[in-house]
Amino acid sequence: MEKTKIIELLQLRGEERNVLFGEASKVKDEIVGRKVYFRGLVEISNICSKDCLYCGIRKSNDKVIRYNASDEEILSACRFAWENGFGSVVLQSGELTSPAFVRRVDYILKQIKKLSGNELGITLSCGEQTRETLRRWFDSGAHRYLLRIETSNNDLYNKIHPKTKKHSFEKRIEALNLLRDEGYQLGTGVMIGLPFQTVEDLADDLLFFKKMDIDMCGMGPYIEHKHTPLFEYGNLLKPKHERFDLALNMIAVLRLLMPDINIAATTALQAIDTAGREKALTVGANVIMPNLTPCKYRKDYLLYEGKPNLDEDAGFNNYIKTLAEYTGNKIGYNEWGDSLHFQKNKK
Ligand code: 5AD
């Protein structure tokens with residue numbers, strides 16, 4: 001698909017956009033199936049060594065109460081996932097690279113494998129790490145990794161991150177290549193509706209995913225957070241519902257561009273529209289990540305304002321039923337739901 005075509009599709013509205021959504025949904029059903037996979041999300045710690053200008057848990061935000069969930073808390077969330085047929089979990093945290101953190105994640109990975117008789121799949125989302133660390137974690141049972149590029153435009157990347165070596169675009173690209181190299185299924189993604197971001201940038205993001213030959217993607221609207229430096233550019237933002245609409249278009253176009261990858265219906269969509277994730281599942285997404293973080297920590301893992309699901313998930317089973325009915329999808333119970341794209345590339 002040419003860039004000009006992508007730009008055109010990203011801007012579709014009304015009836016024409018419904019045609020795009022219909023196409024994307026059809027491609028999804030045909031290629032990856034009429035199915036949705038669950039990943040139980042456990043936000044293990046909000047302590048972060050990075051200072052990304054958009055993120056609520058950035059190092060310099062001293063209003064955040066920092067936490068480290070205990071091993072028992074993390075493992076019991078994972079046990080819940082396993083017992084409820086989720087098939088896999090995602091362990092996410094602020095970016096830390098200390099030997100103690102690396103050791104701890106390693107220990108938790110091994111314990112998760114143990115408690116589930118090797119059945120539970122594990123995705124990590126713990127930021128940029130060395131080859132050595134990634135290898136160690138892979139050997140202990142992690143097989144997928146999410147690390148968003150945030151934007152594929154180097155200039156824009158520099159506008160939304162501090163100008164330090166620790167926050168460089170090149171390092172992020174290198175980190176993505178390392179992940180692929182070490183055998184992980186590679187997941188990346190971007191924020192949609194950032195200040196200074198254009199529709200051309202978003203088209204380039206989609207082409208970047210294609211060029212990087214990614215296996216998984218998670219994209220969501222950018223949502224401003226009061227206690228971050230990027231907040232002052234609020235006057236440059238599109239209204240939230242437009243960012244939301246653009247995010248749905250991005251998902252649909254990506255499904256056409258990369259029919260066999262896994263695409264997540266992200267939580268940020270739900271922060272703008274209560275049925276946001278479900279809508280995403282009807283326009284090409286096939287993965288959802290219910291939050292299993294112990295409730296007492298959830299309010300402290302606020303990457304953006306208005307993050308939903310801070311309370312106990314009352315009526316979880318009802319939710320699943322509604323989800324299946326609303327989206328017309330089956331639930332991939334007890335399946336890892338690996339990226340078809342990855343499986344094909346391996347052969
Ligand atoms: N709005 C939307 N998404 C955000 N993230 C971080 N801060 C925000 C925000 N203000 C996303 C980033 C990161 C992921 C874990 O959360 O894309 O990679």
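Counting from 1, the numbers follow the sequence of the chain as shown. Atoms within each ligand, like the ligands themselves, are counted from 1 in listed order. The model shown is predicted, which means the values in this text are computed figures rather than measured ones.
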Visitor: Tell me yes or no: between the side chains of Asn309 and Arg298, is some donor less than 3.5 Å from an acceptor?
Guide: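 No - no donor-acceptor pair under 3.5 Å links their side chains.
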Visitor: Where is the nearest protein heavy atom to atom 16 (O) of ligand 1: which residue, which atom, and how far?
Guide: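 It is Leu303 CD1, 3.3 Å.
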Visitor: For atom 7 (N) of ligand 1, what is the nearest protein heavy atom, given as residue, atom name and distance?
Guide: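 Answer for atom 7 (N) of ligand 1: Tyr54 CD1, 3.4 Å.
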Visitor: Less than 6.0 angstrom separating the ring centers of His227 and Phe231, yes or no?
Guide: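 Not under 6.0 Å, so no.
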Visitor: Under 4.0 Å, heavy-atom basis, I'd like to know which part of Met191 is in contact with ligand 1: side chain, backbone, both or neither.
Guide: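 The part of Met191 near ligand 1 is the side chain, not the backbone.
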Visitor: May I ask you to establish whether Lys159 and Phe196 are in a cation-pi arrangement, using a distance under 6.0 Å from NZ or CZ to the six-membered ring centre and at most 45° from the ring axis?
Guide: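 Yes, Lys159 lies over the aromatic ring of Phe196.
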Visitor: Under 3.5 Å, is there a donor-acceptor pair between the Ser116 and Arg79 side chains?
Guide: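 Looking only at side-chain atoms, Arg79 and Ser116 do not form any donor-acceptor pair under 3.5 Å.
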Visitor: Students should be able to answer this: which protein heavy-atom is nearest to atom 11 (C) of ligand 1, and at what distance?
Guide: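 Minimum-distance protein heavy atom for atom 11 (C) of ligand 1 reads Arg148 NH1, 3.6 Å.
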Visitor: Within ligand 1, which atoms have a heavy atom of Cys55 less than 4.0 Å away?
Guide: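 What qualifies from ligand 1 is 7 (N).
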Visitor: How does Cys52 reach ligand 1, by side chain, by backbone, by both or by neither, if only non-hydrogen atoms under 4.0 Å count?
Guide: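 Under 4.0 Å from ligand 1, Cys52 contributes no heavy atoms.
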Visitor: Would you check if there is a donor-acceptor pair between the side chains of Asn262 and Asn286 at a distance under 3.5 Å?
Guide: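 The answer is yes; a qualifying pair exists.
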Visitor: Relative to the ring of Trp137, is the ring of Tyr145 parallel (under 30°), tilted (30 to 60°) or perpendicular (over 60°)?
Guide: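 It falls in the parallel class, under 30°.
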Visitor: Report the residue from Phe342, Tyr184, Trp336 that forms a ring-ring contact (aromatic ring centres under 6.0 Å, His included) with His143.
Guide: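 Looking at Phe342, Tyr184, Trp336, the match for His143 under the ring-ring contact (aromatic ring centres under 6.0 Å, His included) is Trp336.
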Visitor: Around atom 1 (N) of ligand 1, find the nearest protein heavy atom and jot down its residue, atom name and distance.
Guide: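 Looking at atom 1 (N) of ligand 1, the protein heavy atom closest to it is Ile223 N, 3.0 Å.
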Visitor: Do me a favour and list the nearest non-hydrogen protein atom to atom 2 (C) of ligand 1 with residue, atom name and distance?
Guide: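 Answer for atom 2 (C) of ligand 1: Pro221 O, 3.3 Å.
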Visitor: Can you tell me which portion of Glu150 lies within the under-4.0 Å heavy-atom range of ligand 1? Options are side chain, backbone, both, or neither.
Guide: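 For Glu150, only side-chain atoms sit under 4.0 Å from ligand 1.
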